[in-house]
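One-based numbering, in listed order, for ligands and for the atoms of each. All values reported here derive from a predicted model rather than from experimental measurement.
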Amino acid sequence: MRLSRFHLSTARETPADAEIVSHQLMLRTGMIRKLAAGIYTWSPLGLRVLRRVENIVREEMNAAGAIEVLMPSIQPQELWEETGRWAKFGGQLLKIRDRKEAGYCYGPTHEEVITDFARHELKSYKQLPVNFYQIQTKFRDEIRPRFGVMRAREFLMKDAYSFHLTDEDLAREYENMKAAYIRIFTRLGLEFRAVQADSGAIGGDASQEFHVLAESGEDGLAFSTGSDYAANVETAQAAAPGPRPAASEAMRKVDTPTQKTCEDVAKLLGIALERTVKSVAVMTDGGFVLALVRGDHSVNEIKLGKLPGMADYRAASEAEIQAHLGSEPGFLGPVGPKQAIRVIADREVAALADFVVGANERGFHLAGVNWGRDLPEPETVADIRSVVAGDRAADGGEIRLARGIEVGHVFQLGRKYAEAMGATVLDEQGKSQVMSMGCYGIGVSRIVAAAIEQNHDERGICWPEPMAPWQVAICLINPKNDAGVIEAAESLMADLHKAGVDCVLDDRGLRPGPMFADIELIGIPHRVVVSERGLAAGTFEYRARRADAAEQLDRAALLAKLG
Ligand code: ATP
Ligand code: MG
Ligand code: MG
Ligand code: MG
């Protein structure tokens, strides 16, 4: 590749509206261009990086036995009605009408579509297990799209869905996918961590997230030095941005954007929901938290409890709600800093109460912690507080806090979708069985931004080698005046090409300063300078992106280093 025939469009200035370094650098390098809020064009440079990530993900998914498919991004409303998610998914679902007024959505995820595919394609246990994946564009109407492609509305995801006869087999594939994810993030050259997560709106019994560690991460992580324990922590501010409306005002807005999914509620309140719950609304008013469960959910389904006998909470007065809160054990009432664990029966609600207090006091709280599974049962508020406060974990280790960017998520969904949509196969005895499902996501486009957060310096991006747009930049000094320089560079490039190294030739004829600045800004791991002077001395100037100084190498030494 010759840069003179490529489209490279870099800028010196840091864009004022980009808050984090990856967004700034992706704009300065021209990797992405904004079309609308949370919607970006990938330039030729950006696309090279995106494709590298995509290819590594694809290779490892194939190696792990998953099979690639490509599903539509536009999905019919009827399918989402079957699972009840048309009404319950919330504001992130972009709903569309066609000319016949039929309802569609732009897919934020593909459980419905793949389950529909599976119920038609899979008839016998002999076809199981199977794991279908795709690398495809998603749309989520995020409330606050920000940080460029990090939290975009349109983004590229790898999503995989596995089907099983038994839950044991699902658990096996879940471990297989976790292992594949570890290989993917290791190969990408990222520093990452797998943590406990809530299964949230998608639901299910077991779920873990993969986080790239970075100071700018939207998620807080807590891990223990005494065990493998690691969990997601959320900042209270991130979960509930902006000033909080009074409860009564918020109540009127339940069906508007303040309506939350359970995932949001779990995040907001910092608890692990053990099972899937469908739709809840939550309103906060200072330290006062209340959660209302809609529809048919029992206390078992949601640890936050419910309001019995209150058909339409939206019509209820604040006083009525208060009265209900006071009368329902296990329901979280007004939370004050002095409220003790003993007044609340349910341990998760108790933990939640304290987390809310902790969050109020400290600005963050723990999420994804399932007491009793991840940590010993807390006996006192102090036990819980000790985790929140980072004093001592119950496993004897120290709790460390770090920030992370969620780049992957694996779930054991179980039979939720297959049940709702009637996805069955015949077992060995010829009996119809609902299939068990897993789903596994990776934020392909987010990884690009996350990698930059972790790999940059004051001069620009320092790509991990496997993600770099090119491994080597061959910079030509005065190419227009010196045919020998071009010839030497082209022959070097041909040899590197033979050795499987992807090179770009900077033949734009820029002065060395601006040329080197561009090559450093776009993060090419290796730079070789070809000049008349060097050729006369029989050397090339070589510099690794992160090295302090350049070295002079003869051709053989250079090829040995790069080949
Ligand atoms: P987040 O907590 O960041 O909103 P999520 O939990 O909603 O992410 P999942 O449903 O688990 O996302 O989707 C799988 C992956 O898709 C995530 O792990 C993340 O890497 C990526 N992803 C999700 N939302 C976005 C977004 N708005 N922009 C870019 N990537 C995203
Ligand atoms: Mg999300
Ligand atoms: Mg998440
Ligand atoms: Mg997730």
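Salt bridge present: Arg58 and Glu54 bring a charged side-chain N and a carboxylate O closer than 4.0 Å. Between Arg446 and Glu453 there is no salt bridge, since none of the side-chain N atoms of the basic residue sits less than 4.0 Å from a carboxylate O of the acidic one. The pair Arg85-Glu112 counts as a salt bridge, with a side-chain nitrogen and a carboxylate oxygen less than 4.0 angstrom apart.
In this structure, the separation between NE2 on His164 and CZ on Arg415 is 10.0 Å, given to the nearest 0.5 Å.
Within the 4.0 Å heavy-atom criterion, neither part of Thr109 lies near ligand 1. At a heavy-atom cutoff of 4.0 Å, ligand 1 is contacted by the backbone of Met150 but not by its side chain. Contacts of Glu142 with ligand 1, taken as heavy-atom pairs under 4.0 Å, involve the side chain alone.
Residue Val149 approaches ligand 1 through these ligand atoms, each under 4.0 Å from one of its heavy atoms: 29 (C).
Taking only non-hydrogen atoms, the option from Phe139, Phe147, Phe155 nearest to atom 24 (N) of ligand 1 is Phe155. Looking at Arg140, Arg151, Met157, Lys138 and measuring to atom 10 (O) of ligand 1, the nearest heavy atom belongs to Arg140.
Checked against a 3.5 angstrom limit, the closest N/O atoms of Ser445 and ligand 1 fall outside it. Annotation: His409 places an N or O atom under 3.5 Å from an N or O atom of ligand 1; distance criterion only.
Residue-ligand proximity: Ala152 is placed with a non-hydrogen atom under 4.0 Å from ligand 1. Heavy-atom separations between Leu156 and ligand 1 are all 4.0 Å or longer.
Between the Arg48 side chain and the Pro469 main chain, a donor and an acceptor come within less than 3.5 Å of each other. Using modelled atom types, one side-chain atom of Gln454 and one backbone atom of Leu213 make a donor-acceptor pair closer than 3.5 Å.
Among the atoms of Glu406, an N, O or S atom falls under 2.8 Å of the Mg ion (ligand 3).
Under the side chain to side chain contact (heavy atoms under 4.5 Å, CB included) test applied with Ser445, the options Ile32, Val49, Leu50 reduce to a single match, Leu50.
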Could you pull out all donor-acceptor pairs under 3.5 Å where a side-chain atom in residues 179-188 meets a protein atom, sequence neighbours excluded?
unit_1: Tyr181; atom_1: OH; unit_2: Lys158; atom_2: NZ; d: 2.7
unit_1: Tyr181; atom_1: OH; unit_2: Tyr440; atom_2: O; d: 3.3
unit_1: Tyr181; atom_1: OH; unit_2: Gly441; atom_2: N; d: 3.1
unit_1: Tyr181; atom_1: OH; unit_2: Gly441; atom_2: O; d: 3.0
unit_1: Arg183; atom_1: NE; unit_2: Glu60; atom_2: OE1; d: 3.2
unit_1: Thr186; atom_1: OG1; unit_2: Ile182; atom_2: O; d: 2.5
unit_1: Arg187; atom_1: NH1; unit_2: Glu59; atom_2: OE1; d: 3.0
unit_1: Arg187; atom_1: NH1; unit_2: Glu60; atom_2: OE2; d: 3.0
unit_1: Arg187; atom_1: NH2; unit_2: Glu59; atom_2: OE1; d: 2.8

